[in-house]
Protein chains: 2
Amino acid sequence: MTTRWLTPEEQRAWRAYVAASLLLEDALDRQLQQDAGMPHLYYTILAYLSETPERRLRMTDLAEKLKITRSRLTYAVARLEKDGHVRREACRWDKRGTVAALTEEGMAVLERSAPGHVATVRASLFDHLTPEQVGQLEEIGTRIERALQGDGAEPAPESLPWLRRSSTSCNAGESGDAGA
Amino acid sequence: MTTRWLTPEEQRAWRAYVAASLLLEDALDRQLQQDAGMPHLYYTILAYLSETPERRLRMTDLAEKLKITRSRLTYAVARLEKDGHVRREACRWDKRGTVAALTEEGMAVLERSAPGHVATVRASLFDHLTPEQVGQLEEIGTRIERALQGDGAEPAPESLPWLRRSSTSCNAGESGDAGA
DNA sequence: CGAGCTTGGTTCAAGTTTTAAACAAACCTA
DNA sequence: TAGGTTTGTTTAAAACTTGAACCAAGCTCG
């Protein structure tokens, strides 16, 4: 079939998005590298861990939240472990399982660098958006997310990660912490 | 000063954005790697080149458009040159300068893979947005862009890259091509 | 039960990218 | 012409990613 090219509006939106996301990720990485000694992805790992009651999460669940491959996560956690931010533990009910647990030191790093991170997110993004735009951004983001992974993979709409079998055992729900 | 944490709305928007941009960039990279044998950034380089009348751009101008460092661009162009998609030429008026020129082969690759790229962008993004949301996305993206580079660097609001001294000479304006 | 498939996670090897710092050449300005 | 700036590259060291291969543990079903 003949290609449906982007309309001028779409083209402008696309350009703006690509440029913005590049700049944003750059700014974030730079700031976190500076203040916390790690890139954004790694910081996000600590943040997610800090949000569970037990401050620990199974590798697969973590990978799912982060939208990265298990292999990639293994590498990342290895580095975080080497730096003392995370400890690996065995999962009690599933002997195959590994649980990544936030250490005291990891928590400390998180608390120490969270303010700067939030400040950067504000300065780069939210300080320039109206409340309506914040809502729009969430809606747009959610749609993309749904399109890109609700699509081919999980047909079940209610298989929430934090209620999954594997998780229910080794860790649990949500809460609010230093997660930006 | 005490940190202004993100509001729940902002937090949701932020999460949605981070997840979406990760997934999107992944999808794009995968598709282009598959169809064009190069990641998104490299494809974008070719696309930008294809849009100038002369199909060539100075390294610095290109780096600026792409929002990456010159060093990083040097590496990227080296690879593209090795693959025959781009040729390096000397800039006539500024003997320091290098101009990256799109080769016929590069143009062919671009034309061959553009439909697939556009299709991916549509399937991942625009097919799921209303026309209003397309406008919102552009507006939000533009604001981020402005925040992150209008800020510290160029105080002059009208120093458009394609009108800059160095550019006016070796290359020029805009047009529409295979640039997604 | 136990063969055979699936899942969780790691390892390995290779390659790709990225960064930062240092440079040389060419410009530019007084 | 000296001194500062801009261009673009080089270099060396890391950091990261990928994909395939693998092992061990779970699960399913005859």
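Every value quoted in this text rests on a predicted model; they were computed, and no experiment measured them. Hydrogens, waters and symmetry mates are skipped; everything else that's a heavy atom, side chains included, is used.
Looking only at atom types and distance, the side chain of T7(A) has a donor-acceptor partner in the side chain of E9(A) under 3.5 Å away. A side-chain donor-acceptor contact under 3.5 Å links T130(A) and E132(A). Residues D35(A) and Q31(A) have side chains that bring a donor and an acceptor to within less than 3.5 angstrom of each other.
Closest non-hydrogen pair, T3(A) versus P115(B), comes out as OG1-CB, 3.2 Å.
Straight-line distance from the CG atom of D29(A) to the P atom of dT18(C): 11 Å, rounded to whole Å. Distance CZ (R79(A)) to P (dT17(D)): 11 Å, rounded to an integer number of Å. The CZ-C1' distance, from R72(B) to dT10(D), rounds to 18 Å in whole Å. Going from atom CZ of R58(A) over to atom P of dT10(C) covers 10 Å, rounded to whole Å. Residue L73(A) contributes atom CG, which lies 16 Å from atom P of dG19(D) at whole-angstrom precision. Rounding to whole angstrom units, CG of residue L66(B) and P of dG8(D) are separated by 13 Å. The CD-P distance, from Q34(A) to dT19(C), rounds to 14 Å in whole Å. If you measure from atom CG of L80(B) to atom P of dT16(C), you get 13 Å, rounded to the nearest angstrom.
OP1 or OP2 of dC12(C) has not a single side-chain nitrogen or oxygen of Y75(A) nearer than 4.0 Å. For the OP1/OP2 pair of dC27(D) and a distance below 4.0 Å, the side-chain nitrogens and oxygens of R96(A) include no atom meeting the criterion.
Residues P39(A) and R70(B) both approach DNA chain D. Their nearest nucleotides, taken by heavy-atom distance, put R70(B) toward the 5′ side. Each of Q33(A) and R30(B) has a nearest nucleotide on DNA chain D; the 5'-most of these lies closest to Q33(A). When each of T74(A) and L41(B) is assigned the nucleotide of DNA chain C with its nearest heavy atom, T74(A) is the one assigned upstream, toward the 5' end.
Among the nucleotides dA25(D), dT17(C), dT10(D), the one closest to any side-chain atom of D94(A) is dA25(D). With dC16(D), dG8(C), dT9(D) as the candidates, the nucleotide lying closest to the side chain of T60(A) is dG8(C).
Counting distance only, with no hydrogens placed and no angle test, the side-chain atoms of S71(B) and the base atoms of dA20(C) include a donor-acceptor pair under 3.5 Å.
Heavy atoms of R88(B) sit under 4.0 angstrom from primed sugar atoms or phosphate atoms, though from no base atom. Residue contacts for T98(B): at a heavy-atom cut-off of 4.0 Å it reaches the sugar-phosphate backbone alone, with no base atom in range.
With salt bridges taken as basic N to acidic carboxylate O contacts below 4.0 Å, none links D61(A) and K65(A).
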